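Everything below concerns the one structure shown next.
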There are 2 protein chains.
Amino acid sequence: MAFVNQNPILQSLIAEQLVSDPASARGRLLNEAARLFRDKGYERTTVRDLAAAVGIQSGSLFHHFRTKEEILKAVMVETIRLNTALMQAAADKAESAREKLRALVRTELESINGQTGEAMAVLVYEWRSLSESSQAEVLELRDIYEDLWLSVLHQLAEAKQLGADPFITRRMLTGALSWTVTWYRPERGGLTLDGLTDQVMAMLGLDQC
Amino acid sequence: MAFVNQNPILQSLIAEQLVSDPASARGRLLNEAARLFRDKGYERTTVRDLAAAVGIQSGSLFHHFRTKEEILKAVMVETIRLNTALMQAAADKAESAREKLRALVRTELESINGQTGEAMAVLVYEWRSLSESSQAEVLELRDIYEDLWLSVLHQLAEAKQLGADPFITRRMLTGALSWTVTWYRPERGGLTLDGLTDQVMAMLGLDQC
DNA sequence: TTACAAACCAAGCGCTTGCTTGGTATTGTC
DNA sequence: GACAATACCAAGCAAGCGCTTGGTTTGTAA
């Protein structure tokens with residue numbers, strides 16, 4: 001009980017049963033699964049690993065999920081749901097388009113490098129391990145998430161504040177931001193998340209104005 | 001025999017035995033392995049898949065490579081060797097630092113989305129599947145490759161042409177450029193590799209001078 | 001033609017995998 | 001305090017995995 005989550009956005013999603021409570025059996029399993037999938041990859045992680053991580057027998061997993069792949073899908077779906085809500089809230093708070101973009105960058109960096117980092121990495125790098133039908137389901141959710149970005153980037157493009165095409169800029173940002181998970185270590189080293197956000201905005205030429 | 005390779009850089013690397021001839025048995029296997037590893041992932045690709053792709057029995061693979069992992073390592077090592085040489089040559093041809101950066105971006109995009117694209121994707125996304133000792137070996141080669149980028153980016157930073165820190169800019173570019181492999185399709189759609197390079201330079205505010 | 005190594009095949013071993021099965025605690029409800 | 005429903009265990013099955021083995025074919029050079 002070292003950590004009690006107080007995020008109101010997470011709380012309301014749990015209430016709506018759109019994401020699992022991290023304190024529940026299912027939630028704990030999904031958290032451990034995200035960590036294992038990120039550290040070892042989906043294929044290298046066995047159902048025995050997953051079961052051991054939450055202290056049950058491997059066969060007991062299949063009382064909660066029908067297949068191993070269903071666990072991967074649940075990790076991805078719940079992660080997108082949570083992060084879409086977080087991004088929406090962050091963008092709504094900001095005033096200008098530039099501030100909205102900054103909020104999106106900052107929030108996505110936090111998702112990738114913070115508490116939901118394991119799950120975000122899984123979402124990006126374990127995509128191929130999903131069956132095609134599951135991919136289609138997850139893709140629908142991701143479209144909502146991406147529309148958030150594109151509307152802000154379009155605003156900036158119309159105001160001539162963006163060097164490149166909005167679609168391409170978003171794709172470049174997707175790669176650049178998700179890649180931070182491989183190198184950004186906030187604990188050792190002076191660069192904070194805000195500092196990193198500044199660097200991203202500076203790279204885009206959006207630091208002044 | 002539809003395709004005869006004429007690239008002089010590749011030819012000299014083959015002569016020095018640093019890279020396998022794509023026409024040789026070993027070279028063909030490595031090409032097929034790169035394709036399979038990229039399409040299905042290293043773990044999902046079986047030695048039987050690899051053998052079938054070049055028309056031999058699975059056991060016969062182990063006449064050429066001692067383990068399956070050795071195949072993955074060979075794909076990565078040879079890819080880095082080839083691309084370091086290609087990048088070096090491209091940068092040497094350019095005059096200004098800005099033109100050198102453009103050449104590096106253009107060449108890396110070509111590596112990622114062209115003929116060596118499968119192998120480049122493997123290099124980026126199958127890193128975890130390498131044993132630690134192999135990772136260390138490959139890392140040494142990658143440092144040489146990265147120094148190419150950093151020297152050019154430092155030049156630009158000193159000339160105040162770069163919005164953000166050189167190290168961070170390179171890391172952002174690594175993510176952004178490698179991510180293109182997931183969405184950039186030159187065949188269907190108007191965007192050429194040169195056009196994509198323009199967009200990257202524009203995003204960095206380096207399209208004019 | 002002979003000699004020999006490199007390249008390959010056919011068969012399968014030992015192990016791990018995802019998942020199933022039949023049964024036993026544990027929990028919540030009236 | 002009876003009774004489901006839920007959560008879990010112990011055991012193991014069938015299939016697939018990387019890799020080994022013993023023997024055969026192919027290429028090359030004297």
Side-chain angles (χ1 to χ4, degrees), chain A residues 14 17 20-76 122 126-135, chain B residues 1 14 17 20-76 122 126 128-135:
Chain A
I14 293 171
Q17 305 217 36
S20 312
D21 188 341
S24 72
R26 182 187 159 98
R28 258 182 300 121
L29 174 66
L30 290 181
N31 275 339
E32 292 295 327
R35 193 177 53 79
L36 284 166
F37 289 164
R38 177 191 140 165
D39 289 349
K40 321 200 332 175
Y42 172 78
E43 301 294 339
R44 287 183 112 93
T45 304
T46 69
V47 293
R48 288 166 179 79
D49 292 334
L50 292 169
V54 291
I56 59 174
Q57 292 297 107
S58 66
S60 306
L61 273 187
F62 296 89
H63 179 74
H64 300 279
F65 297 90
R66 270 177 309 173
T67 63
K68 181 187 170 192
E69 198 217 332
E70 204 172 280
I71 300 175
L72 177 62
K73 190 172 120 187
V75 167
M76 292 186 170
V122 170
E126 300 298 334
W127 185 252
R128 270 179 323 200
S129 298
L130 270 190
S131 68
E132 278 194 35
S133 61
S134 298
Q135 282 189 15
Chain B
M1 296 301 137
I14 293 172
Q17 303 218 36
S20 311
D21 188 339
S24 71
R26 183 188 158 96
R28 258 183 298 120
L29 175 65
L30 290 181
N31 276 339
E32 291 296 327
R35 195 177 53 80
L36 284 166
F37 289 164
R38 177 190 140 164
D39 289 350
K40 321 198 337 174
Y42 172 78
E43 301 293 340
R44 287 183 110 94
T45 304
T46 69
V47 293
R48 288 165 179 82
D49 291 334
L50 291 168
V54 291
I56 60 174
Q57 292 297 107
S58 66
S60 307
L61 273 188
F62 296 90
H63 179 75
H64 300 278
F65 298 89
R66 270 178 309 172
T67 63
K68 182 187 169 191
E69 197 216 333
E70 204 172 278
I71 300 175
L72 177 62
K73 189 172 118 186
V75 168
M76 292 187 171
V122 170
E126 299 297 333
R128 269 180 323 200
S129 297
L130 270 189
S131 68
E132 278 195 34
S133 61
S134 299
Q135 283 189 15

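Predicted, not measured: the structure shown is a model, and the values here were computed from it. Computed over heavy atoms, backbone and side chain alike; hydrogens, waters and symmetry mates excluded. Every chain is numbered from 1 and lettered A, B, ... according to where its sequence line falls, protein lines coming before strand lines.
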How many Å lie between [atom1] on [X] and [atom2] on [N], as a whole number?
X        : N       : atom1 : atom2 : answer
Asp49(B) : dG16(D) : CG    : P     : 12 Å
Ile56(B) : dC19(D) : CD1   : C1'   : 14 Å
Leu29(A) : dC8(D)  : CG    : C1'   : 14 Å
Lys40(B) : dG16(D) : NZ    : P     : 12 Å

Test item: [X] side-chain N/O and [Y] main-chain N/O as donor-acceptor pair under 3.5 Å:
X         : Y        : answer
Tyr42(B)  : Glu69(B) : yes
Glu126(B) : Leu72(B) : no
Arg128(B) : Arg38(A) : yes

Qualifying residue, where the test is side-chain hydrogen bond (donor to acceptor under 3.5 Å, both in side chains) with Lys40(B) and the options are Thr45(B), Thr46(B), Asp49(B): Asp49(B)
Give me, pair by pair, the N or O atoms of the protein and of nucleotides 10-14 of chain D that are less than 3.5 Å apart, along with how far apart they are.
none

Under the salt bridge (Lys or Arg N to Asp or Glu O under 4.0 Å) test, residues paired with Lys73(B) that sit two or more places apart: Glu137(B)
Proximity to DNA chain D (any heavy atom under 4.0 Å), residues of residues 61-71 of chain A only: His63(A), His64(A)
pair Ile14(A)-Pro22(A): side-chain heavy atoms closer than 4.5 Å: yes
Check: Leu30(A) and Phe65(A) side chains under 4.5 Å, non-hydrogen atoms: yes
Arg66(A), CZ atom: more than 12 neighbouring heavy atoms under 6.0 Å: no
